[in-house]
Protein chains: 2
Amino acid sequence: ENNVVTGIACSRDEAKLTLISVADRPGVAAAIFTPLAEAGIIVDMIVQNMSEEGRTDMTFSCPVGDVAKAEAALEAAKARGEFNYRELDKDTDVAKVSIVGVGMRSHAGVAQKMFKNLADDGVNIKVITTSEIKVSVLVDRKYMELTVQSLHDAFDLDRAP
Amino acid sequence: ENNVVTGIACSRDEAKLTLISVADRPGVAAAIFTPLAEAGIIVDMIVQNMSEEGRTDMTFSCPVGDVAKAEAALEAAKARGEFNYRELDKDTDVAKVSIVGVGMRSHAGVAQKMFKNLADDGVNIKVITTSEIKVSVLVDRKYMELTVQSLHDAFDLDRAP
Ligand SMILES: C[C@@H](O)[C@H](N)C(=O)O
Ligand SMILES: C[C@@H](O)[C@H](N)C(=O)O
């Protein structure tokens with residue numbers, strides 16, 4: 001597991017926005033990202049999980065500086081009836097921390113090690129998303145340095161090359 | 001937008017498993033992936049969105065052939081009190097479809113175009129996750145070929161080089 005992860009990435013200038021309780025019907029995701037694209041919001045992460053009773057939440061991240069513009073664009077589209085949501089949750093207190101490794105054939109082992117490391121530090125995971133070469137989590141921003149250092153140690157990344 | 005997306009990836013041999021209503025406390029994600037790693041389950045996607053009233057869902061994908069082993073490992077860990085969930089939702093009828101592009105600085109525009117394309121084909125999006133170079137969705141497996149062809153057309157990828 002150790003030599004599979006070759007780096008830790010982090011970023012603290014993103015905010016997390018979640019549209020709580022959107023309809024799980026074709027067209028809803030397109031309707032949500034139309035006003036965001038038109039307003040020129042730079043969206044990084046997009047996370048949606050399975051629905052329950054026909055509703056689900058839609059989360060995305062954008063620069064902290066874009067939050068007001070994103071909210072205005074979404075509220076205007078909602079007022080025009082383009083889609084509906086119960087509430088827009090804005091969290092500007094997040095940091096994204098990722099473990100990076102090209103050979104992560106099975107995420108289960110490296111993910112478990114990453115999550116266990118965060119748990120041992122008492123850090124709660126707000127959001128998780130993965131790609132072929134990364135496992136990324138959103139955590140409280142105050143834990144970013146601690147988490148990055150702790151993961152460096154856990155995956156033996158501190159050794160000088 | 002068009003020349004930013006350079007390819008469409010797809011895979012139909014993954015299943016989607018969702019642990020519905022897990023506790024949003026440090027240590028829970030680590031506890032869930034421990035039995036999966038020990039059982040040698042090859043996990044590809046991991047998706048968790050923000051929690052509500054202290055509970056959230058944990059979704060992961062694994063090869064269709066690993067579903068029974070994954071379920072047994074999770075049920076055994078639950079029986080041992082290592083974590084709790086209300087229900088394990090198993091969906092073996094999914095396909096993963098991704099748009100790929102290195103310069104996707106802002107996902108909002110390309111994501112909106114992808115989601116609109118799926119909506120126009122009447123394809124419902126079950127799960128969404130992104131990385132720096134990809135937007136990936138899980139859809140009903142029966143729509144995989146249609147979706148891949150439709151996205152090729154939408155992003156002008158069919159032109160001979
Ligand atoms: C929630 C949203 O993703 C919806 N299922 C859609 O297809 O647009
Ligand atoms: C739900 C799960 O991610 C939990 N928040 C944890 O940190 O383990």
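Within the 4.5 angstrom heavy-atom criterion, only side-chain atoms of A/Asp89, from C-beta onward, approach chain B. B/Ile41 touches chain A through its backbone: at least one of N, CA, C or O sits under 4.5 Å from a heavy atom, while the side chain does not. Heavy atoms of A/Val47 lying under 4.5 Å from chain B belong to its backbone as well as its side chain. Looking at A/Lys126, only its backbone comes within 4.5 Å of chain B, counting heavy atoms on both sides.
Cluster membership for B/Val67 and B/Met58, using ILVMFWY side-chain heavy atoms within less than 4.5 angstrom, is shared. Residues B/Met45 and A/Val135 are members of separate hydrophobic clusters, defined by side-chain heavy-atom contacts under 4.5 angstrom among Ile, Leu, Val, Met, Phe, Trp and Tyr. The hydrophobic clustering, which links ILVMFWY residues whose side-chain heavy atoms are closer than 4.5 Å, places B/Val137 and A/Leu36 together. Both B/Phe83 and B/Leu88 are assigned to one and the same hydrophobic cluster, defined by single-linkage of ILVMFWY side chains at heavy-atom distances under 4.5 Å. The hydrophobic clustering, which links ILVMFWY residues whose side-chain heavy atoms are closer than 4.5 Å, places A/Ile125 and B/Met50 apart.
A/Glu52 and B/Arg55 are not joined by a salt bridge, as no carboxylate oxygen comes within less than 4.0 angstrom of a charged side-chain nitrogen.
For the set B/Val123, B/Asn117, B/Thr56, B/Leu118, the entry with the most heavy-atom pairs within less than 4.5 Å of chain A is B/Val123. Options B/Ser98, B/Ala37, B/Ala108, B/Ala111 differ in how many heavy-atom pairs under 4.5 Å they form with chain A, and the most are formed by B/Ala108.
From B/Ser51, atom OG reaches atom CG of A/Asp57 across 10.0 Å, with rounding to the nearest 0.5 Å. Between atom CG of residue A/Asp44 and atom CD of residue B/Glu132 there is a gap of 6.0 Å, rounded to the nearest 0.5 Å.
No more than 12 heavy-atom neighbours from other residues, nucleotides or ligands sit within 6.0 angstrom of NZ on A/Lys116.
Each of B/Thr129, B/Thr59, B/Val127, B/Ile128 was scored for a side chain to side chain contact (heavy atoms under 4.5 Å, CB included) with A/Gln48, with one residue passing: B/Ile128.
Identified by a heavy-atom distance below 4.5 Å to chain A, the contributing residues of residues 13-31 of chain B are B/Lys16, B/Thr18, B/Ile20, B/Asp24, B/Arg25, B/Pro26, B/Gly27, B/Ala29, B/Ala30, in residue-number order.
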